[in-house]
Amino acid sequence: MRVVTTAQPLDVQPTPLALLLLGREADPKSERGVECPGDLPAPSDPDLVERARAAKAKLGDKVFVLGHHYQRDEVIEFADVTGDSFKLARDAAARPDAEYIVFCGVHFMAESADILTGDDQQVILPDLAAGCSMADMATAEQVAECWDVLTEAGIAEQVVPVSYMNSSADIKAFTGKHGGTICTSSNAKRALDWAFEQGEPGSTKVLFLPDQHLGRNTAVRDMGMSLDDCVVYNPHKPNGGLTVEQLRDAKMILWRGHCSVHGRFSLDSVNDVRERIPGVNVLVHPECKHEVVAAADYVGSTEYIIKALEAAPRGSKWAIGTELNLVRRLANRFASEDKEIVFLDKTVCFCSTMNRIDLPHLVWALESLAAGKVVNRIQVDKETESFAKLALERMLALP
């Protein structure tokens with residue numbers, strides 16, 4: 001006999017943050033709102049796919065659509081190229097004839113595309129609320145205050161800033177202005193090698209922004225430093241929560257930032273999947289915590305993860321520690337080769353801000369452009385652009 005129960009309403013009120021992520025509220029303190037200056041198509045509109053195709057066809061070569069690996073499948077379908085944040089910014093720069101660059105990613109990625117593309121090109125972000133929690137963990141004011149702390153400690157002249165690509169244009173500009181470089185998860189070791197060569201051997205220090213885990217994993221795992229060589233600067237504490245002696249003794253001053261997706265993976269996740277799937281290969285992104293990276297079999301960027309699975313033998317088993325949209329897409333792609341690909345954690349976790357770019361927002365942006373109306377343009381001011389570009393060019397010049 002089947003028993004039918006009636007679901008009881010839960011006495012739970014959504015928090016302001018939850019409402020913000022759902023697009024039902026606005027944050028007056030944020031630089032980016034959550035509303036579009038126009039009516040979005042309904043998510044249930046059965047004609048959305050055809051409308052996207054029609055608008056993109058009407059725009060022709062005037063539009064170039066970029067899709068980050070973490071985007072929804074419904075958005076990736078309309079991307080001209082896919083990749084990680086830096087690859088996509090470079091792809092945009094390689095298309096000088098495209099009048100409109102529609103970046104299906106998050107805010108800092110669109111800023112980087114605007115920095116690297118021509119003045120006659122316009123970069124569009126379909127939803128201005130698609131930010132990055134990690135990038136937002138380091139503001140220009142906080143980093144300027146940190147530099148004052150380093151100056152007062154008498155070590156600022158020894159410090160070279162290295163900022164992860166996942167940072168705002170303001171932070172990239174700070175990095176360029178203070179003689180530093182940008183890095184990606186693929187070239188972080190090369191960037192740190194370069195940084196430590198800029199001063200007197202043994203005395204140079206690096207201020208790594210804004211992801212502490214990538215900085216720590218690169219320094220310890222790839223460069224042979226110890227965990228004691230690293231300190232964490234907390235912008236919410238006086239002097240970053242550090243003593244002058246700690247700052248002077250450190251080689252790596254890590255900003256207290258992290259990725260909300262990669263930071264959720266734990267050592268328990270690794271141990272659990274090894275128990276559930278004998279012979280599994282654990283492959284994680286270097287934004288994961290140090291203990292997770294140390295316990296994994298392979299560590300690398302999103303591009304590395306994709307290439308590793310492409311080269312994997314038939315029938316191999318993989319647990320992937322990165323964003324779920326990409327993991328699910330790879331699992332479907334390689335199912336015909338009998339490659340078992342699972343998400344490292346048993347709890348589903350998408351990047352909530354990346355997922356704000358959905359088909360209704362993309363259709364709205366494309367149809368607006370097709371009608372001659374530019375919406376949600378991302379523009380970096382000229383002074384910020386010049387210093388940010390200097391930091392990016394230093395990265396491009398790395399051996």
Side-chain angles (χ1 to χ4, degrees), residues 67-73 76 82-87 134 164 166 183-190 211-227 230 258-352 354-355:
H68 190 273
H69 286 311
Y70 297 165
Q71 286 293 314
R72 307 162 182 254
D73 288 346
I76 289 293
T82 59
D84 61 15
S85 58
F86 185 60
K87 176 182 180 296
M134 180 204 295
Y164 191 21
N166 299 31
C183 76
T184 69
S185 52
S186 299
N187 69 5
K189 181 182 183 299
R190 277 182 288 159
D211 179 25
Q212 61 171 307
H213 299 306
L214 177 62
R216 182 183 294 106
N217 289 328
T218 305
V220 176
R221 182 177 183 273
D222 300 332
M223 300 179 69
M225 294 187 201
S226 73
L227 290 174
C230 307
H258 66 276
C259 170
S260 58
V261 172
H262 293 107
R264 71 170 290 109
F265 299 115
S266 66
L267 187 57
D268 287 343
S269 304
V270 178
N271 293 335
D272 177 74
V273 81
R274 290 197 191 281
E275 281 188 23
R276 289 188 288 116
I277 309 175
V280 71
N281 297 282
V282 178
L283 170 56
V284 303
H285 195 282
E287 288 177 19
C288 292
K289 297 171 185 174
H290 181 68
E291 58 266 28
V292 174
V293 165
D297 299 302
Y298 304 95
V299 182
S301 66
T302 51
E303 297 291 341
Y304 174 92
I305 289 171
I306 293 168
K307 290 177 181 176
L309 293 176
E310 287 175 342
R314 295 181 68 93
S316 54
K317 302 173 183 179
W318 297 83
I320 311 300
T322 193
E323 206 271 345
L324 183 55
N325 271 319
L326 175 59
V327 177
R328 189 171 58 182
R329 191 174 301 122
L330 291 171
N332 291 334
R333 175 182 170 187
F334 295 113
S336 61
E337 299 178 22
D338 297 323
K339 297 176 186 178
E340 183 180 350
I341 298 171
V342 301
F343 191 57
L344 177 58
D345 195 75
K346 288 190 291 186
T347 305
V348 172
C349 185
F350 294 99
C351 176
S352 60
M354 189 78 75
N355 268 264

Asks: So how far is it from D211 CG to S185 OG, rounded to the nearest 0.5 Å?
Replies: 9.5 Å
Asks: Quick check: closest heavy atoms across R314 and S336, and the distance to 0.1 Å?
Replies: NH2-O, 3.3 Å
Asks: Where does the angle between the aromatic ring planes of F265 and F343 fall among parallel (under 30°), tilted (30 to 60°) and perpendicular (over 60°)?
Replies: perpendicular
Asks: Are T82 and H69 linked by a side-chain donor-acceptor pair shorter than 3.5 Å?
Replies: no
Asks: Distance-only, no hydrogens or angles: does the K317 side chain make a donor-acceptor pair with backbone N or O of I277 under 3.5 Å?
Replies: no
Asks: Can you check whether K339's main-chain N or O pairs, donor with acceptor, with E337's side chain at less than 3.5 Å?
Replies: no
Asks: Could you check if a side-chain atom of H262 sits within less than 4.5 angstrom of a side-chain atom of L214, using non-hydrogen atoms only?
Replies: no
Asks: Strictly below 4.0 Å, N to O, side chains only: are E291 and K289 in salt-bridge contact?
Replies: no
Asks: Report the C-alpha distance between I341 and L309 in whole Å, list the side-chain angles of each, state the deciding distance to 0.1 Å, and finish with yes or no for side chain to side chain contact (heavy atoms under 4.5 Å, CB included).
Replies: CA-CA 9 Å; I341 298 171; L309 293 176; 3.9 Å; yes
Asks: Give the minimum heavy-atom separation between V220 and C230, together with the two atoms involved.
Replies: CG2-SG, 4.3 Å
Asks: H285 vs T302, test: side chain to side chain contact (heavy atoms under 4.5 Å, CB included). Steps then yes/no.
Replies: CA-CA 7 Å; H285 195 282; T302 51; 4.1 Å; yes
Asks: Please report the interatomic distance CD(E287) to NE2(H258), rounded to the nearest 0.5 Å.
Replies: 10.5 Å
Asks: Ignoring hydrogens and geometry, is there a side-chain-to-backbone donor-acceptor pair from D338 to G315 under 3.5 Å?
Replies: no
Asks: Give the intermediate values and the outcome of side chain to side chain contact (heavy atoms under 4.5 Å, CB included) for residues V327 and I305.
Replies: CA-CA 10 Å; V327 177; I305 289 171; over 6 Å; no
Asks: Just by distance, do the side chain of N217 and the backbone of P286 share a donor-acceptor pair under 3.5 Å?
Replies: yes
Asks: Can you give me the closest heavy-atom contact between V273 and V280, atom names plus distance?
Replies: O-CG1, 3.9 Å
Asks: Do N166 and S85 come close enough that some side-chain heavy atom pair is under 4.5 Å?
Replies: yes
Asks: Calculate, to the nearest 0.5 Å, the distance between atoms OH and SG belonging to Y164 and C259 respectively.
Replies: 8.0 Å
Asks: Taking all non-hydrogen atoms of both residues into account, name the closest pair between A319 and L344 and its distance.
Replies: CB-CD1, 4.1 Å
Asks: Search all heavy atoms of R72 against all heavy atoms of R329 and return the closest pair with its distance.
Replies: C-NH2, 3.7 Å
Asks: Search all heavy atoms of S316 against all heavy atoms of N281 and return the closest pair with its distance.
Replies: CB-ND2, 4.5 Å
Asks: Can you tell me how far apart CG (D345) and OG (S266) are? Round to the nearest 0.5 Å.
Replies: 6.5 Å
Asks: Hey, is R333 close enough to E310 for a salt bridge, meaning N to O under 4.0 Å?
Replies: yes
Asks: Counting C-beta onward and ignoring hydrogens, is there a side-chain heavy-atom pair between Q71 and N325 closer than 4.5 Å?
Replies: no
Asks: Atom CD of E303 and atom NZ of K87: how far apart are they, to the nearest 0.5 Å?
Replies: 6.0 Å
Asks: In Å, rounded to the nearest 0.5 Å, how long is the span from CH2 of W318 to OH of Y298?
Replies: 5.0 Å
Asks: Check step by step if side chain to side chain contact (heavy atoms under 4.5 Å, CB included) holds for I320 and L330.
Replies: CA-CA 10 Å; I320 311 300; L330 291 171; 5.6 Å; no
